[in-house]
2 protein chains.
Amino acid sequence: MDQNSLPPIQTTARDDAVLKALVGFVRAEALQPGERLPTERILAERLKVSRNTVREALTRWEGLGLVERRQGSGTYLKAAVSPDMLHMPLTLAGGNDFTSLMQTLEIRRALEAEAAALCAERASQADIAEIARKLDIMEQAFRTREGMSSEEDWEFHQAIYRVSGNPLFEQIIAAMHELFHRFWEHPLGVRDFGHASFPYHRTIYERIAARDPQGARAEALKLISTVEDDLKRGAAKLKLSSQT
Amino acid sequence: MDQNSLPPIQTTARDDAVLKALVGFVRAEALQPGERLPTERILAERLKVSRNTVREALTRWEGLGLVERRQGSGTYLKAAVSPDMLHMPLTLAGGNDFTSLMQTLEIRRALEAEAAALCAERASQADIAEIARKLDIMEQAFRTREGMSSEEDWEFHQAIYRVSGNPLFEQIIAAMHELFHRFWEHPLGVRDFGHASFPYHRTIYERIAARDPQGARAEALKLISTVEDDLKRGAAKLKLSSQT
DNA sequence: GTGGTCCAATGGTCCAACCAATTCCTGCAT
DNA sequence: ATGCAGGAATTGGTTGGACCATTGGACCAC
């Protein structure tokens, strides 16, 4: 017998019910990400549950990154919701050491390469133009400020993830990017960190514009490899300085 | 001015502090997954916070799958915790439909290819022998039972992830695998689902044994492509049958 | 305009009680 | 002794009400 044919009965599931109702509300009102949803007090009154129960439900959504709560202001939708969402919370035991950064980077290499390939397959002319725009901004920032800019660089890559047509790429890499962000400035004391990756941004774009998935994948792999090299260089330097 | 030089200050972070304290407690007591942690009332008293605050913190952990709460029994640890965990809650819109499966598969293709390449770089002779063993088991199961076996196939791939030296690969793919396990059996009614992927398991192994990262990556990409084709075939079939 | 003050709205925290599920122990019947 | 019904204690789930801290806008003096 399929054990799935007899799911456990639900006697009480207050907060789940609250979330279900909230999904219905968001869809009924056609709320977009960024908009504010009703106050906890109003929700509690309307749904005939305690405010604490509402809060537990919202806490869960906050943990999933679906809403953001701002004291004194309200609760705001952060992502689109749908009745049949699947949640896949991953918790990775990792630290701030060299090994963790390297492992994270390997994941990013995998996803970056695939996203670039998919992007080259699926990009419309408008998409390609948008990526070109982000590339220009990034290159100008590079020349003006004499170095890689986290912000504009990140925008460029995000554009690629978005055009790939698969939101999971952006979600996963965004989570890792947050972890990386503090080191992105001057990781491990390497001054020109990221310089070597600069030219590959344009080559990736060119392969995408040429609708060449294999080429885009190859260039993305090269880009991440330069970052890995920078990281290794920094680690070696750190090891050396600790020996003195 | 670097906008990072003025980060937002943190005035209150009660529940975060609770979780931090809880991490310390778990490590101090060397609690293993499955063990019970103190009751909410005791935690509230010890930490000098309200029980509500404790509950909000535990709700977050429950959402992340770190603990399990059983009414009348207690709260139990479900996974190892560490001070510097990285949380990556993924949400895929749409549940069991074709699009979700496809998007998940694209992520898997990215990770599978990279894991195979890293595996080819780093595998020791013992590692290669282990993978060969898993491959033999899988191939025998295929011939005996006249079809792909989820179990043995999964074991083979897991072995590759493990040898890649990066635990993140296995963690991420395992989360997705668990989520879609029910569909891996006969997804969308395609009988011989996965048959086409069979020969590529051996070719991947051969490229790994030959220490050929590029080749291993290419073979892994081919393997996932066959699965994608199967999926598309199933979707087309479904669409056709729904039109009658 | 600029800056300051006040105030209402809103999320954050706290408390005390009760409900519901679970666990465990007691005591009775066998 | 054994087994089992039944109740008491434990524990998470829910409720209602209160107060605190932050926000953002309205209003005002300069």
Side-chain angles (χ1 to χ4, degrees), chain A residues 6-22 25-26 29 31-79 81, chain B residues 6-22 25-26 29 31-79 81:
Chain A
L6 267 184
I9 62 173
Q10 290 295 0
T11 70
T12 56
R14 282 286 222 269
D15 37 5
D16 265 336
V18 168
L19 289 182
K20 204 173 150 192
L22 216 41
F25 176 83
V26 170
E29 299 285 316
L31 285 190
Q32 297 301 313
E35 293 194 64
R36 217 188 74 172
L37 36 88
T39 73
E40 298 176 348
R41 288 173 175 85
I42 291 183
L43 285 175
E45 184 192 355
R46 291 275 203 284
L47 299 174
K48 296 292 180 196
V49 296
S50 157
R51 192 182 148 213
N52 266 336
T53 305
V54 172
R55 281 187 60 75
E56 288 231 359
L58 287 178
T59 299
R60 291 236 292 274
W61 266 20
E62 191 185 28
L64 293 171
L66 291 179
V67 297
E68 178 184 354
R69 308 207 285 204
R70 288 208 289 268
Q71 184 175 173
S73 177
T75 304
Y76 298 83
L77 204 58
K78 255 179 79 178
V81 300
Chain B
L6 267 182
I9 61 173
Q10 283 293 5
T11 77
T12 54
R14 279 282 222 273
D15 36 5
D16 264 336
V18 168
L19 289 183
K20 203 173 151 193
L22 217 40
F25 176 82
V26 169
E29 300 284 317
L31 286 190
Q32 298 301 312
E35 293 194 62
R36 216 188 73 171
L37 36 87
T39 72
E40 297 177 349
R41 288 170 175 85
I42 290 183
L43 285 175
E45 184 191 357
R46 291 276 203 284
L47 299 174
K48 295 292 180 197
V49 296
S50 154
R51 197 181 144 212
N52 264 342
T53 305
V54 172
R55 281 187 61 76
E56 286 228 1
L58 288 179
T59 299
R60 291 236 293 275
W61 267 19
E62 189 185 29
L64 292 171
L66 290 180
V67 298
E68 179 183 354
R69 306 207 283 202
R70 289 208 288 268
Q71 184 175 170
S73 177
T75 304
Y76 298 83
L77 204 58
K78 254 179 82 177
V81 300

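Quick caveat: nothing in here was measured; it's all calculated off a predicted structure. All chains are named by letter (A, B, ...) in the order of the sequence lines, taking the proteins before the strands, and each is independently numbered beginning at 1.
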TODO: Check every strand shown and say whether A:Arg51 touches a base, only sugar-phosphate, or nothing at a heavy-atom separation below 4.0 Å.
DONE: base
TODO: Would you indicate which nucleotide in D:dT15, C:dC14, C:dG12 comes nearest to any side-chain atom of A:Thr53?
DONE: D:dT15
Task: Side chain proximity check, B:Asp16 to B:Arg60, heavy atoms < 4.5 angstrom - done: yes
TODO: Among C:dT13, D:dT14, C:dA21, find the nucleotide with the atom closest to the side chain of B:Arg14.
DONE: C:dT13
TODO: For B:Ala79 and B:Gly65, work out which heavy atoms get closest and say how close.
DONE: CB-O, 4.5 Å
Task: Check: A:Leu22 and A:Leu43 side chains under 4.5 Å, non-hydrogen atoms - done: yes
- [ ] Let me know the distance between CD1 of B:Ile42 and C1' of D:dA9, rounded to the nearest Å.
- [x] 14 Å
Open item on the list: Rounding to an integer number of Å, can you tell me how far A:Arg55 CZ sits from D:dG17 C1'?
Closed with: 15 Å
Task: Comparing A:Arg70 and B:Thr75 on DNA chain D - which has the more 5′ nearest nucleotide - done: B:Thr75
Open item on the list: Rounding to an integer number of Å, can you tell me how far A:Arg69 CZ sits from C:dT13 C1'?
Closed with: 12 Å
- [ ] Rounded off to whole Å, could you give me the CD-to-C1' distance for the A:Glu45 and C:dA9 pair?
- [x] 15 Å
Open item on the list: In this structure, how many angstroms lie between the C1' atom of D:dG12 and the CG atom of B:Leu37, rounded?
Closed with: 12 Å
Task: Value in whole Å for how far the C1' atom of D:dT22 lies from CD of A:Glu40 - done: 14 Å
Task: Of the listed nucleotides C:dT13, D:dA21, D:dT15, the one nearest the side chain of A:Ser50 - done: D:dT15
Task: Salt bridge flag under 4.0 Å for residues B:Glu40 and B:Arg69 - done: yes
- [ ] Side chain of A:Asn52 only, please: which of D:dG12, D:dG16, C:dT13 is the nearest?
- [x] D:dG16
TODO: Nearest-nucleotide wise, let me know which of A:Gln71 and B:Tyr76 is further upstream toward the 5' end of DNA chain C.
DONE: A:Gln71
Task: Separation of atom CD in B:Glu56 from atom P in C:dT13, rounded to whole Å - done: 7 Å
Task: Protein-nucleotide distance (B:Arg36, atom CZ; C:dC24, atom C1'), rounded to Å - done: 12 Å
Task: Closest to the B:Ser73 side chain, choosing from C:dC14, C:dT23, C:dT10 - done: C:dT23
- [ ] Determine whether B:Thr75 and B:Trp61 make a side-chain contact, defined as any pair of heavy atoms from C-beta on separated by less than 4.5 Å.
- [x] no
Open item on the list: Go nucleotide by nucleotide along DNA chain D from the 5' end; which of B:Gly74 and A:Arg41 gets its closest nucleotide reached first?
Closed with: B:Gly74
